[in-house]
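Notes to accompany the following structure.
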Amino acid sequence: MLQIKKRKDGISKIRFMSTICFYQDTRHEKDLYWIKEILGKGYLSQRNDGMSELRINGYASVRDILEILRPYLRFKRIQAKALLDACTILSEEKYKMLGREQIIKLVDLVSVIQKENYVTKKKKTRNELLQILNLTP
């Protein structure tokens with residue numbers, strides 16, 4: 001996932017958040033612990049719907065893991081490439097130092113990921129995202 005989150009502190013009042021999620025029925029969550037141990041990152045939680053999830057956050061962590069996993073992906077290749085590109089941009093420079101073109105590129109990458117996901121209830125259009133980031137004319 002690549003999300004744009006509101007924040008209360010800071011100058012920009014928004015931040016990008018990158019996350020890799022692995023989901024599994026809670027009855028079989030031991031495999032998620034194995035993945036966490038192999039990757040050396042993330043945290044596990046049990047959801048109210050009987051699912052467990054392993055979440056890995058952070059631009060550099062997500063980028064590094066995607067670089068390792070990318071050759072083996074079969075179903076999420078397009079999202080992985082877009083998230084990898086975004087994490088590369090975000091891990092190389094602080095958000096407040098990014099130029100307009102880089103931020104627009106990030107918005108385009110969010111749109112690619114949204115388009116490729118099965119169902120997202122709260123999809124924002126590209127124009128709505130640009131407006132949130134004060135990038136509309």
By side chain to side chain donor-acceptor pair (under 3.5 Å) - contacts of [X] (at least two apart):
X	answer
D49	R47
R27	D25
T19	N57
T88	none

Just list the side-chain donor-acceptor pairs under 3.5 Å for residues 58-76, sequence neighbours left out, or say none.
from	atom 1	to	atom 2	distance (Å)
Y59	OH	F16	O	2.6
R63	NH1	S91	OG	2.6

What closest approach, in Å, do Q114 and K124 show between heavy atoms, and which atom pair accounts for it? OE1-O, 3.2 Å
L109 versus A86, closest heavy-atom pair with distance: CD1-N, 3.6 Å
Joint cluster assignment, [X] & [Y], ILVMFWY side-chain distance < 4.5 Å:
X	Y	answer
M17	I103	no
I104	L2	yes
L133	M1	no

In Å, rounded to the nearest 0.5 Å, how long is the span from [atom1] of [X] to [atom2] of [Y]?
X	Y	atom1	atom2	answer
R15	Q3	CZ	CD	8.5 Å
L54	Q24	CG	CD	11.0 Å
E53	C21	CD	SG	5.5 Å

Any side-chain heavy-atom pair of [X] and [Y] under 4.5 Å:
X	Y	answer
L98	L90	yes
R100	L135	yes
L83	Q79	no

Is there a donor-acceptor pair under 3.5 Å between the side chain of E116 and the backbone N or O of I113? no
If you link ILVMFWY side chains whenever their heavy atoms are less than 4.5 Å apart, which other residues fall into the same cluster as Y23? By chain and number, please. M51
How is the hydrophobic cluster of V112 composed, in terms of its other members, when Ile, Leu, Val, Met, Phe, Trp and Tyr link through side-chain heavy atoms under 4.5 Å apart, directly or indirectly? I78
Salt bridge (Lys or Arg N to Asp or Glu O under 4.0 Å) pairs, two or more places apart, involving residues 104-114: D108-R126
Residue set satisfying salt bridge (Lys or Arg N to Asp or Glu O under 4.0 Å) with R77, at least two apart, ordered chain then number -> none
Exercise answer: donor-acceptor pairs, residues 28-39 side-chain atoms, under 3.5 Å, sequence neighbours excluded:
from	atom 1	to	atom 2	distance (Å)
E29	OE1	Q46	NE2	2.8
E29	OE1	S52	OG	2.5
E29	OE2	Q46	NE2	3.4

What do the steps show when you test I56 against Y43 for side chain to side chain contact (heavy atoms under 4.5 Å, CB included), and what is the final call? CA-CA 7 Å; I56 300 164; Y43 61 93; over 6 Å; no
